[in-house]
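The first residue in the sequence is number 1, and the count goes up from there. Small disclaimer: the values here were computed from a predicted structure and weren't measured.
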Amino acid sequence: MRRALGLGIRVLTVLGPLRGTADAGAPRRWALGIQLFAVLLTMLGPLRAAAVEEAPRRWALVVGENQGLAGEERLRFAEADAQRMREVLQEVGTVPPERTVTLLGADAATLREALQGFRARLAVEASSRDWLLLYVSSHAGDGSLHLRGTELPMRELVDFLKGAPVGVGLLILDSCRSGVATRLKGLKPVAAPVTMEASDLEGRVVISASGADEYAQESDALQGSFFTHHLAVGLRGAADASRDGRVTLEEAYRYAYARTLESTLVSPGGVQRPTFRMDLRGRGELVLSEPQQARGRLTLDVKTPGRWLVVASESGSLVAELEKGEGPTTLAVAPGAYRLLLRADEGYLERSVTVPLNGTVSVGGTHLEEAARLRLARKGGAGSSLLLAVGPSLTSGLVAGLSSIAGLDVRLVREGRLFSGVDTSSLGLAVRRGTGSGVSFQQTELELRLGAGPHWQHGAWTFSGALEAGALAVFQTRIPEEEEARFGLEPLALVTGGVRLEVRSRLSMLLSASAGGVMARRDSGTALVPRASASLMIGYAL
């Protein structure tokens, strides 16, 4: 570059005096200047091209085959999964069509031939700065791919990956029992889910959709395999945990692992756990996709987590099924019309949108936010919350001369689904003390009760109902003409209703009222004594 710059300065020096000479020789001198300028452009051209080629290039070989060995059930979506992965890589994975090779419906010999041809091309065109992705979706077993009645040892894929003249190679196998490939020589195991240190990423990565003894499962609802669907949706932006518009290898694997595990948890085929092996050294991150560079982008601008379906309006095909986390999520999708469905407690809420040719469309609103919050509250699990509430209470008395008794309520409340119709549960402890009128005595009560019931959420307000049962310990002291204190342990049952207002993050106000009865002992025997109470508490989310 420095040599070219020096030549450019010399050319300008020659051209400078030509502008001040007589007009008669001007044509000849201008011709000489043009020739020298052309020489300069000729020398600078390769330098500019070399600078452009310094950027790492991305290559992809995508393979899909529905038919396995004789006697194996024909797969329905292996080839469709391969097409889906190719589309994702080209739309958001920055792998151009000219560097993508797609092989659909092939036996072992055809795949070997494709590998040899791709290896020869990489030897001529690829560099150590490039990275290569090899994706295969097919039947597999006993360490081999099953392709149209033939077998290809998975070792050949790993050897191809290891021998490719690129800096980083990534092999993704969506096949039954494909975890055996991650045991092959030259790769070190990494526990799942993976955590990778920053590195220059020199080496190889193998990701398999299932363990060595597990089935890679397809889904009619998803129109594809669980693993490939979740991986593709993650690459479109759902896996972008850092919200920087890029999806790294670690983010994509974490998302696909978690969602595949969740989707197959109760499936007839058993739990499916994607596996991961790597041999990476240096510093840096491997960026698999860049959704922010896509032509069309769809933002689910609902803060609360929820399950969403994105369906192409024209074809009716499912583009994405995702469990969106906290905050908005942006997906890279092709421009066009889509139906968005948010899973609510009773069915779905639907919106229709059109993604522009170049730009982003955002979907949100109060109804979608409330539906997501309601479903999250009813779902339980990750959406459950635990509150500790403390406050004063006032309760009706049990004996004559003590019409009411005040005290302090402490409650531990869990809002989250236990089973159908029961979305909240609580454990309460109350301490109360009062002095009788007319006949002077002092009464202390300790009340312990358990409750469970439904709740309903509307914005910042949560309304709940519960059936509660427990025990009431009663101590009476300072009784006239009696030296000993009286003690009783009585069962109780209550119906409770409450309302909670979320004041700010983690802080709430709770108001509750209860009505029921206590089986209290009397001189004449046991009697049901009506009981009512009310409390006002401050709650803190743990």
Side-chain angles (χ1 to χ4, degrees), residues 88 91-92 222 229-248 251-252 254-256 258-259 262 287 289-314 317-379 381-385 456-462 502-506 541:
V88 170
E91 291 177 13
V92 296
L222 298 180
H229 176 84
H230 294 313
L231 178 62
V233 173
L235 293 176
R236 289 191 178 276
D240 183 16
S242 63
R243 308 277 174 84
D244 62 354
R246 307 184 306 166
V247 177
T248 65
E251 289 176 326
R254 282 182 179 276
Y255 180 86
R259 296 292 293 115
E262 178 188 4
V287 177
S289 67
E290 300 181 39
Q292 85 277 11
Q293 301 295 336
R295 297 175 62 192
R297 295 176 298 279
L298 170 64
T299 298
L300 305 176
D301 192 13
V302 175
K303 180 181 178 181
T304 308
R307 177 158 295 181
W308 292 77
L309 302 180
V310 181
V311 180
S313 297
E314 184 174 349
S317 61
L318 179 65
V319 176
E321 184 269 349
L322 70 151
E323 188 74 32
K324 186 190 72 63
E326 187 78 17
T329 293
T330 298
L331 298 177
V333 296
Y338 293 90
R339 291 188 300 119
L340 308 180
L341 296 97
L342 170 62
R343 181 70 178 270
D345 187 58
E346 302 292 341
Y348 290 89
L349 290 183
E350 182 175 341
R351 292 289 185 276
S352 295
V353 298
T354 299
V355 177
L357 183 61
N358 288 289
T360 302
V361 62
S362 181
V363 178
T366 303
H367 293 298
L368 292 177
E369 183 71 49
E370 290 180 357
R373 289 171 63 92
L374 179 61
R375 176 182 178 273
L376 184 64
R378 291 184 176 273
K379 179 182 175 183
S384 65
S385 60
W456 304 267
Q457 195 162 17
H458 182 78
W461 296 86
T462 301
E502 186 175 337
V503 179
R504 60 178 61 184
S505 177
R506 294 182 175 270

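Looking at residues two or more places apart in sequence or on another chain, you find a side chain to side chain donor-acceptor pair (under 3.5 Å) between R339 and E350. In this view, S317 and A312, S315 satisfy the side chain to side chain contact (heavy atoms under 4.5 Å, CB included) rule, not counting sequence neighbours.
Here the side chains of L341 and W308 are not in contact, with every heavy-atom distance at 4.5 Å or above. Considering only heavy atoms from C-beta on, V247 comes within 4.5 Å of P291 through its side chain. Side chains of T462 and W456 form no contact here, defined as non-hydrogen atoms less than 4.5 Å apart. Within the 4.5 Å cutoff, the side chain of T354 has no heavy atoms near those of the V361 side chain. Looking at heavy atoms from C-beta onward, V355 lies in side-chain contact with Y338 at the 4.5 angstrom threshold. You'll find the side chain of D301 stays beyond 4.5 Å of the side chain of V363, heavy atoms only.
S362 OG to L298 CG: the interatomic distance, rounded to the nearest 0.5 Å, is 8.0 Å. Atom-to-atom distance recorded for E321:CD and H230:NE2 is 5.5 Å, nearest 0.5 angstrom. In this structure, the separation between CG on L331 and CG on L322 is 5.5 Å, given to the nearest 0.5 Å. From T248, atom OG1 reaches atom CG of D240 across 8.5 Å, with rounding to the nearest 0.5 Å.
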Derivation of the side chain to side chain donor-acceptor pair (under 3.5 Å) call for T299 and T360 = CA-CA 7 Å; T299 298; T360 302; 5.3 Å; no
request  = Show your working on side chain to side chain donor-acceptor pair (under 3.5 Å) between D244 and S242 and close with a plain yes or no.
outcome  = CA-CA 5 Å; D244 62 354; S242 63; 3.0 Å; yes
request  = Begin with the C-alpha distance, continue with both residues' side-chain angles, and end with the deciding distance and a verdict on side chain to side chain contact (heavy atoms under 4.5 Å, CB included) for H229 and L318.
outcome  = CA-CA 10 Å; H229 176 84; L318 179 65; 4.2 Å; yes
ask   = Going through the checks in order, is the side chain to side chain contact (heavy atoms under 4.5 Å, CB included) test met by R295 and L357?
value = CA-CA 6 Å; R295 297 175 62 192; L357 183 61; 2.6 Å; yes
ask   = Going through the distances and angles, do L300 and L340 end up as a side chain to side chain contact (heavy atoms under 4.5 Å, CB included)?
value = CA-CA 9 Å; L300 305 176; L340 308 180; 4.1 Å; yes
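Taking the charged nitrogens against the carboxylate oxygens, E91 and R236 do have a contact shorter than 4.0 Å, which makes a salt bridge.
Contact between A239 and Y255 at its shortest, heavy atoms only, is CB-CB, 3.5 Å. Across T329 and G237, no two heavy atoms sit closer than the pair CG2-O, 4.2 Å.
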